[in-house]
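Quick note on labels: first sequence line is chain A, next is B, and so on, each numbered from 1.
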There are 2 protein chains.
Amino acid sequence: MAVLNATHDAQHRSFVERANLPDCDFPIQNLPFGVFSRANEPARGGVAIGDMIVDLAALARSGLLSGAALKAAEAASGPTLNPLMALGNAPSSALRARLSELLAQGSSDRQAVAACLVPMTEVAMHLPAHIGDFTDFLTSGYHSTRLNPTGKLAANFMSLPIAYHGRASSVRLDGPVRRPHVQRRDGEVVSFGPTKEMDFELELGAFIGAGNRLGDRIAIADASDAIFGHCLINDWSIRDIQRWENVPLGPFLAKSLSTTISPWVVTEEALRPFRAPAFRRAADEPAPLPYLTLKQDQDEGGLDLALTASLLTPRMREAGLAPHKVTDTNFRHMYWTFAQMVTHHASNGCNLQPGDLLGSGTISGPTPGSRACLAELTVRGKEPLHLPNGETRPWLEDGDEVIFAARASRQGYVSIGFGNCRGTVQAAL
Amino acid sequence: MAVLNATHDAQHRSFVERANLPDCDFPIQNLPFGVFSRANEPARGGVAIGDMIVDLAALARSGLLSGAALKAAEAASGPTLNPLMALGNAPSSALRARLSELLAQGSSDRQAVAACLVPMTEVAMHLPAHIGDFTDFLTSGYHSTRLNPTGKLAANFMSLPIAYHGRASSVRLDGPVRRPHVQRRDGEVVSFGPTKEMDFELELGAFIGAGNRLGDRIAIADASDAIFGHCLINDWSIRDIQRWENVPLGPFLAKSLSTTISPWVVTEEALRPFRAPAFRRAADEPAPLPYLTLKQDQDEGGLDLALTASLLTPRMREAGLAPHKVTDTNFRHMYWTFAQMVTHHASNGCNLQPGDLLGSGTISGPTPGSRACLAELTVRGKEPLHLPNGETRPWLEDGDEVIFAARASRQGYVSIGFGNCRGTVQAAL
């Protein structure tokens, strides 16, 4: 099992009371990183605890830190976490250990730490990093099979983690997502107008830490440590243009309209108690090649993370109804581990840089309820979703809000979450 | 015809004598932008003239500039041209006009200007911009047809400029390019090792100027002005993994190993005398949709730019032989204009940012000699190239240097060039 330490102790509690409630995404065992700002102040790094944020710039000046923990807080004092990510994971781990002490119930430094806390309600969140490159993988065999005309796993899917380069400029946090105009073909008629087939895809993201130099590779043994942490991703997808543009170079405008991510980056270290064996392949499926194979990765490269997607329509909102859960899935369904994705990505010498974002691809599982996009849930629009208030949805409509959440839980450990990833479809221009 | 001005005057000469030689890529009519540094000095923007560079940081301090020209030079005084590109094209046009006076034979400011000149032999060149996103198109119908198993133009190729998101982190200037390890399949055997099918692709790049906000589009009438300027691109391509990984999400590791670009950015304004009608479609091919159609773009959205690719092998180098030209093509063969590429790219609201790079795709023409990559030239390795010294090449070998050049010429105008784009294949690690 991945190395655990005092920061994972289930008995540990914080003096920030909200952090100790069982449904809180940000207990003292989580301590995710993000970037926030208060009105008229510059954006800077912070760590979530309950309903508060530790201002890392203030903490760095407080005299409460030293050594690697101080170095990490100083690197996180600017408007992006790229300098922190570039240090590799040891300094942020030292900061996590120190924060675990400072934020504890009975902390002797409580008053000084409290002076560095900012209520979440008073801040605006920002992208955690400048994303140099965004790469999106396709690593759920269930998703791949359902959308493959053959209904089978492709030979290359079983041999390498399939991926495409995504668009970095349009990655955003929570907010409105404009329905795009697209070119599409209906029968023999090609036209340009607002898409009729707007979809979401529920994914998990990984931010790269120190990265590798151009021409070097990342061994599978080093790949897990090359990841700084994780966020949720809504890979908004436009199915009509995707069908039309996809051959031979893959998705382009079907994906570049916008990508929504959640603001908090949950570290590899916070997720250690929830590691799980990698996906178990069927007996007739090929074993990965040696460069993608490591016993430790097979034993614990998976992640037991429950993820949900919910939908809130304008009529549901007006009626005061709660969002309706349409997807309930788990990251354990993924055919490839993030370590394998990282190693494969750098296997040709491609340089991964601090703050680069990798998406897992749609996290669909084997059951109907674990289908993680509308193209699967509605069989490409042919079997519309039925919502509790009688509405139906083959695809997203204007005003629909898509809400993702994720929780990692395990007997004997405090459950942690990711906060929300939310986006609302805006009418086309 | 695109608006010409005094900077295009064929009679105009510079006091930098090298700039007046007929084979010089950088006469006073060109004035491309780049980023250079001298030993122990910070990188900054410059303009090429003959065998010299105008140091724009020094020029901005010289008192020789005012107004928009000064603003442009100041924006170009840092380590990337992104701030200059973000201004849109009017300030750089004002700077071009002023430089055209200052560098002229008989310039009254010759002495002051000469103090801002740096010999090219004394500098290192750097990437002209921080490239936020790199997008690579597929816009030669000849390239597309030769590599399409059907041997025909695909329906979507004729309706939209096909493209994929490329990898921005591995874009580099001239230099060595390491032969990558890749996963590939030979028959039923899947393996991992140094590629056996390394290729080049000769392309023209376009750097985005001011760009557009997320959710906005760029009308075809504004698209040409959205481009700051052009460079040469070698889109190194690895054919064995490309075949294996390409379906369903397009090229990934086949392209991300590295992309080589030339250091000088030739502006839209410098290229105006060489505009040409857009590609003439066959009678049975569909007209572009209205959002991609503009009479001015049809009349002069093309570019009469001759491009060559040459090969220098280690044995040729030892024997003192000159590089052997393997491709002689022209940008007029391209099915789509850059304005159409820009408009289509932003048609879904995707934000293009200053310094983003678009690649045209392989610039192959109709004749055998105008095939612009080895996959075409050697029919996927089956008909190796024959070099003058008796060597053959189905694909690139270690030590092979690939050299691109381009010249725009037209009766009555001074011909301008792009400098070289060079890369040498290094042995695998």
Side-chain angles (χ1 to χ4, degrees), chain A residues 132-136 138 147-148 154-156 159-160 162-170 172 178 180-183 185 190-192 195 214-217 238 241 244-258 286 289-291 344-345 347-353 356 426 429, chain B residues 132-136 138 147-148 154-156 159-160 162-170 172 178 180-183 185 190-192 195 214-217 238 241 244-258 286 289-291 344-345 347-353 356 426 429:
Chain A
D133 279 288
F134 167 42
T135 303
D136 203 18
L138 167 65
L147 297 182
N148 189 339
N156 62 357
S159 272
L160 52 81
I162 299 280
Y164 67 99
H165 307 293
R167 180 78 192 178
S169 72
S170 53
R172 290 289 185 277
R178 176 85 57 194
H181 280 57
V182 294
Q183 188 178 129
R185 182 166 70 166
V190 178
S191 62
F192 180 74
T195 176
L214 185 64
D216 288 351
R217 299 198 288 272
I238 308 302
I241 192 170
W244 179 224
E245 73 175 1
N246 199 60
V247 175
L249 298 183
F252 176 48
L253 299 191
K255 303 284 191 169
S256 62
L257 66 149
S258 197
L289 289 180
Y291 79 102
H344 183 65
H345 199 328
S347 66
N348 68 344
C350 177
N351 53 326
L352 308 186
Q353 302 192 118
D356 283 354
Q426 262 185 331
L429 273 180
Chain B
D133 279 287
F134 167 42
T135 302
D136 203 17
L138 167 65
L147 297 181
N148 188 339
N156 63 355
S159 273
L160 52 81
I162 298 279
Y164 67 99
H165 306 294
R167 180 80 191 176
S169 73
S170 53
R172 290 289 185 276
R178 176 86 58 195
H181 280 57
V182 294
Q183 187 178 131
R185 181 165 71 166
V190 179
S191 62
F192 180 74
T195 176
L214 184 64
D216 288 351
R217 300 198 286 273
I238 307 302
I241 191 171
W244 179 223
E245 73 176 1
N246 200 60
V247 174
L249 298 184
F252 176 48
L253 299 190
K255 302 285 190 169
S256 62
L257 66 149
S258 198
L289 290 180
Y291 79 103
H344 182 65
H345 200 326
S347 65
N348 68 344
C350 178
N351 53 327
L352 307 186
Q353 302 192 117
D356 283 354
Q426 262 186 331
L429 274 179

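- Legend: residues meeting ring-ring contact (aromatic ring centres under 6.0 Å, His included) with Phe192(A), ordered by chain and number and at least two apart, are His181(A), Tyr291(B).
- Your options are Asp216(A), Asn148(A), Val190(A), Leu160(A), and the one with the most heavy-atom pairs under 4.5 Å with chain B is Leu160(A).
- Applying the salt bridge (Lys or Arg N to Asp or Glu O under 4.0 Å) criterion to Asp356(A), with sequence neighbours excluded, gives Arg167(B).
- Chain B forms more heavy-atom pairs under 4.5 Å with one residue of Pro286(A), Pro248(A), Gly349(A), Ala254(A) than with any other, namely Pro248(A).
- You'll find the side chain of Leu253(B) reaches within 4.5 Å of the side chain of His344(A), heavy atoms only.
- When each of Ser258(B), Gly132(B), Gly166(B) is scored by its heavy-atom pairs under 4.5 Å with chain A, the top score falls to Gly166(B).
- Of the listed residues (Leu352(A), Ile241(A), Leu257(A)), the one with the most heavy-atom contacts under 4.5 Å to chain B is Leu257(A).
- Between Leu249(B) and Lys255(A) the shortest side-chain heavy-atom distance does not fall below 4.5 Å.
- Although no hydrogens or angles enter the test, the distance criterion places a donor-acceptor pair under 3.5 Å between the side chain of Asp133(A) and the main chain of Ala168(B).
- Chain A forms more heavy-atom pairs under 4.5 Å with one residue of Arg185(B), His345(B), Glu245(B) than with any other, namely His345(B).
- The line from CZ of Phe252(A) to CG of Leu138(B) is 11.5 Å long, rounded to the nearest 0.5 Å.
- Contact of Leu147(A) with chain B is not made at all, since no heavy-atom distance falls under 4.5 Å.
- Annotation: maximal heavy-atom pairing with chain B below 4.5 Å, among Ala163(A), Ser191(A), Ala155(A), occurs at Ala163(A).
- If you measure heavy-atom distances from Ala154(A) to chain B, you find no contacts under 4.5 Å at all.
- The residue among Gln353(A), Arg178(A), Gln426(A) with the most heavy atom pairs within less than 4.5 Å of chain B is Gln353(A).
- Taking Thr135(A), Asn156(A), Ile162(A) one by one and counting their heavy-atom pairs under 4.5 Å with chain B, the maximum is reached by Asn156(A).
- Residues Asn351(A) and Arg172(B) are in side-chain contact: their nearest non-hydrogen atoms beyond the backbone lie under 4.5 Å apart.
- Ser159(B) places a side-chain heavy atom less than 4.5 Å from the side chain of Gln183(A).
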